Amino acid sequence: MWRTTWGACLALLTACVAEAAAPPPLAAEHLTLAKLPPASPHWVWVFDESNNNETDMRLYLYDGDSHRQLGQIDTGFWPGVAFSADGKTTAVATTYFARGSHGARTDVLEFTDNSTLAITGEVILPSRHAQTIPLHNVAFSPDQRLVYITNLSPATSFSVVDVPKKSVVGEVDTDGCVLVIPSGPRRVTSLCETGRLLSVTLDDGGHEVSRKMSAPFFSVDKDPIFVQGALSDSGIVFLSFLGDVYGVDLSGAEPAFAPVWSTATAAERGKWRPGGGQVLALHRKTGRLYLQVHRGGDGSHKVTGTEVWAFDGATHRRFGRWPIDAKAHGGVQAIQVSQDDKPLLFLMTENSDLIVMDATTGRQLYVEPKLGQSSWYLLNP
Amino acid sequence: MWRTTWGACLALLTACVAEAAAPPPLAAEHLTLAKLPPASPHWVWVFDESNNNETDMRLYLYDGDSHRQLGQIDTGFWPGVAFSADGKTTAVATTYFARGSHGARTDVLEFTDNSTLAITGEVILPSRHAQTIPLHNVAFSPDQRLVYITNLSPATSFSVVDVPKKSVVGEVDTDGCVLVIPSGPRRVTSLCETGRLLSVTLDDGGHEVSRKMSAPFFSVDKDPIFVQGALSDSGIVFLSFLGDVYGVDLSGAEPAFAPVWSTATAAERGKWRPGGGQVLALHRKTGRLYLQVHRGGDGSHKVTGTEVWAFDGATHRRFGRWPIDAKAHGGVQAIQVSQDDKPLLFLMTENSDLIVMDATTGRQLYVEPKLGQSSWYLLNP
Amino acid sequence: MQQRFDHWAERVSRGLARRTSRRGFLSAFGHVLTGAALLPLLPVMRGSQALAAEPGAKAAAAADPNSCEYWKYCAIDGFLCGCCGGSSSSCPPGTQQSPITWIGTCHNPADGRDYIMSYNDCCGKTSCGSCFCNRNEGERPMYRMSLNNDVNWCMANDNPNYHCSVSVVLGVAGK
Amino acid sequence: MQQRFDHWAERVSRGLARRTSRRGFLSAFGHVLTGAALLPLLPVMRGSQALAAEPGAKAAAAADPNSCEYWKYCAIDGFLCGCCGGSSSSCPPGTQQSPITWIGTCHNPADGRDYIMSYNDCCGKTSCGSCFCNRNEGERPMYRMSLNNDVNWCMANDNPNYHCSVSVVLGVAGK
């Protein structure tokens with residue numbers, strides 16, 4: 001019986017092989033240009049600062065569902081990056097050199113169509129845009145008509161670009177304050193050395209109409225806040241070196257400061273600290289807050305995280321404490337969360353491994369190994 | 001006794017510590033610009049093709065004696081590199097983009113003073129210099145007055161730059177042949193698809209006076225030669241895929257071809273093969289020849305080496321067969337030898353570890369780990 | 001196949017005609033473009049046939065377009081566009097296809113046939129950096145330009161920056 | 001020390017005066033440049049003192065100018081120029097010194113003193129890529145510009161490209 005069956009199988013196999021050899025040859029292929037799928041809230045822009053090759057920084061577009069790299073935007077030397085409110089446009093302010101690494105400096109704001117990843121235009125900028133980490137240094141006005149670009153020479157100011165006109169229409173001195181956080185249709189808020197916020201209101205032409213300095217809202221000496229805040233629907237949330245949360249409502253005539261709360265218990269405070277390059281992420285709809293922490297002391301504010309802590313927006317209860325395999329991937333350098341109802345949490349590690357997690361449960365869904373050379377920031381429209 | 005001695009030691013230690021705390025504070029330092037030491041034959045130029053960031057290729061200057069990186073020349077996107085005969089000048093032909101990775105293309109020949117590593121001048125080139133491996137694509141004339149730059153558009157030619165005039169004075173069509181090997185005061189030899197050499201003689205103004213095509217000297221179909229030859233005092237030495245050595249004397253009116261000899265025994269032939277990016281090095285004074293080999297078949301000509309073979313120039317006897325720890329460092333991608341009487345052998349591995357060996361004994365002297373991102377060529381004046 | 005090859009040759013020719021003399025063009029591309037009759041002169045790989053003889057993991061890799069062992073990549077040198085937002089035969093969004101290419105012959109273990117491949121580069125953005133793959137079956141040095149993968153095949157593009165590489169089936173070899 | 005610090009401040013001022021308004025300059029650099037009397041306001045590290053308390057390997061590293069643990073590098077962020085052809089206080093050949101800097105205070109375990117350090121960048125060539133070192137004792141965010149190591153301190157150079165970083169002793173802190 002066995003013998004008979006086996007013999008039949010063999011005969012069948014031979015037939016199958018003969019069959020397989022028979023099909024017509026593959027048709028000639030046509031070289032085409034890939035099209036992006038429709039935009040997804042689970043996309044994330046991975047910023048590679050190309051640490052050893054800083055003139056060649058770039059953004060990779062990555063899909064957290066299909067686990068595919070979808071494309072790339074080149075961003076030159078220490079760019080600032082902003083997305084338009086509708087997510088359709090990326091604006092990159094950067095520096096280029098006429099001879100690659102040397103020669104005449106040209107600062108430029110470049111617009112990319114996010115549906116094709118093609119550059120659609122540029123505006124030459126004053127050659128003093130801030131060359132630093134790519135967060136909060138470029139921003140669109142809510143109506144997408146203006147773009148603000150932080151300058152640092154090291155005098156501080158911001159340039160105002162009129163998008164339809166494709167030109168620089170103004171420059172506003174910020175008196176030592178930095179960042180461009182849009183806080184109204186024509187208002188820009190900056191963070192000052194004194195622990196205050198400077199808000200400058202512009203006219204439609206991009207010229208200053210008025211400015212107002214807030215009261216100090218944190219102690220620059222005792223417990224400074226990171227500049228890497230998370231934009232909320234009404235303003236921005238900052239985190240301090242010791243893990244205190246400073247919610248700022250920028251929607252009114254003056255900034256309103258929410259009561260400060262701590263992400264660390266009394267026992268943890270000062271021993272577990274947030275750290276890395278991009279230290280917190282906010283799910284705007286639910287107010288859920290995510291940060292990476294490590295065991296460390298003073299001066300460890302750039303040490304990467306070994307755990308992710310997740311907090312409820314209303315109760316400030318820690319609903320997740322998720323250890324990361326920092327030995328395998330390096331510690332967590334950057335954190336980002338998608339803004340949809342089934343949010344993904346993205347962690348970028350020191351080794352440029354991208355960890356994709358369920359932001360509700362902390363379940364690790366996928367690890368994309370070595371996505372770029374030093375991909376230390378995660379951006380989202 | 002022990003007790004007494006220990007007591008005395010303790011007293012002494014305390015005294016020493018007190019003493020150590022007493023010296024005056026460190027003086028303020030002055031920020032200075034480092035000067036290069038005098039040129040050494042044990043210097044080697046390490047070409048980093050920055051594989052993941054190809055617009056940012058560079059040359060590192062490395063000292064094989066002190067094991068120090070001495071400086072850097074930036075070389076843009078797929079440069080050709082040449083040194084003047086006196087070793088004082090580096091000429092780099094490369095491509096730059098007005099916007100880093102995009103925008104208008106500018107091809108340029110840049111001169112660097114090798115005693116300061118500062119760029120001393122440039123000549124704008126026709127925008128078609130060959131973007132390929134950095135060997136034999138740029139060359140000085142022996143009197144250093146002209147520089148030849150291979151063009152590839154993909155039509156083949158070479159540009160002629162007059163160094164004192166700092167301008168392009170001519171362009172010579174090479175009819176499909178490639179490389180610029182100086183073969184006389186005003187003669188340039190190129191390698192052709194037919195297995196022949198094309199030699200073009202120029203006048204002082206850089207214009208073609210005459211050209212001559214040699215007989216075929218190898219079989220392009222049966223056993224092609226690598227383009228990465230080693231310059232000798234009288235011409236160039238090529239190596240074939242199967243490890244045959246083709247010595248070419250370019251000093252006479254026509255190329256003279258030495259009898260071909262094999263680096264592999266009959267038993268080894270076709271099983272052990274040369275491979276990698278830069279496959280052979282020649283110690284010009286002694287004629288000693290060095291190559292890296294691996295076990296492999298057809299199509300393995302870029303597989304990196306697991307052994308270095310060293311041959312006597314006159315007898316063709318293999319006097320060294322030196323295994324490399326390819327597991328620790330990656331296989332050998334490039335090989336170079338210093339031209340002095342106590343020559344160093346430099347091996348660059350796939351992982352960009354630089355191995356320094358005694359070229360006479362094969363003794364490994366030093367390993368410089370991870371010198372650059374993808375430092376796959378080693379250049380010497 | 002003939003039609004497709006002619007189309008490719010025509011496209012290459014058109015691209016080149018704008019940039020170079022007819023003489024330089026023909027000498028650079030040699031006999032490859034003079035007609036399909038000469039196609040059998042192209043090298044036929046041995047390495048890939050050896051690969052086809054091995055079962056299991058290698059066979060799976062030979063069928064995976066994002067693996068360096070994919071059968072179509074037998075002489076590719078660069079970043080696989082399939083890891084960069086494109087595919088084995090499409091360029092990523094925002095890049096430009098190179099009109100000129102190097103070519104090779106790859107053995108497809110699935111049907112036992114050898115195919116002529118065109119290895120195009122995708123151009124205009126900086127190096128993708130993912131899935132670097134270097135295989136050299138039938139690859140030849142720079143003096144045989146049309147079989148060489150060491151030169152930047154974006155060289156003739158308006159923006160000659162190199163981003164990634166694809167491998168496009170042109171047709172069956174030697175038919 | 002006073003003389004040296006004045007010299008540095010003067011050099012910084014001269015570099016800046018060409019490029020920016022007095023107001024912007026003062027606000028960016030705050031009180032740091034207004035006089036040596038304010039020097040004690042600079043942060044004094046704890047991390048480096050902890051390091052000094054440990055013997056053996058760490059002490060050796062703290063004395064090695066090509067180690068990231070070298071005492072002078074307590075708030076450096078970049079490639080150590082000593083690995084790039086320079087030294088802990090000299091720029092590699094062919095680069096240019098940045099006239100503006102960030103500053104910090106480092107504890108020298110060899111003499112038990114705290115020193116004010118100037119962290120200059122060396123500019124004009126592309127990233128050196130060797131000996132990356134990031135330490136942040138007393139480092140502060142960008143809104144405290146003069147204590148921040150996240151901005152490119154080559155920003156005001158004729159060629160603002162970043163190559164590597166040095167750490168220069170300005171003098172004893174708090175004296």
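These values consider heavy atoms only, across backbone and side chains, with no hydrogens, waters or symmetry-generated copies. Labels below follow one simple rule: chain letters A, B, ... track the order of the sequence lines, proteins then strands, and each chain is numbered from 1. Keep in mind it's a predicted model, so treat the numbers as computed, not measured.
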Asks: Between chain A and each of Ser50(B), Ser101(B), Ala104(B), count heavy-atom pairs under 4.5 Å; write down the option with the most.
Replies: Ser101(B)

Asks: Give the minimum heavy-atom separation between Arg99(A) and Ile124(B), together with the two atoms involved.
Replies: NH2-CD1, 3.5 Å

Asks: State whether the number of non-hydrogen atoms from other residues, nucleotides or ligands found under 6.0 Å of Lys166(B) atom NZ is greater than 12.
Replies: yes

Asks: If every non-hydrogen atom of Asn52(B) is compared with every non-hydrogen atom of Asp56(A), which pair is closest and at what distance?
Replies: O-OD2, 4.0 Å

Asks: Which atoms of Asn53(A) come close to chain B, meaning under 4.5 Å heavy atom to heavy atom: side chain ones, backbone ones, both, or neither?
Replies: both

Asks: So, taking the atom named NE2 in His102(A) and the one named CD in Glu110(B), what distance separates them when rounded to the nearest 0.5 Å?
Replies: 3.5 Å

Asks: Using a cut-off of 6.0 Å, state whether more than 12 heavy atoms not belonging to Lys370(A) lie near its atom NZ.
Replies: yes

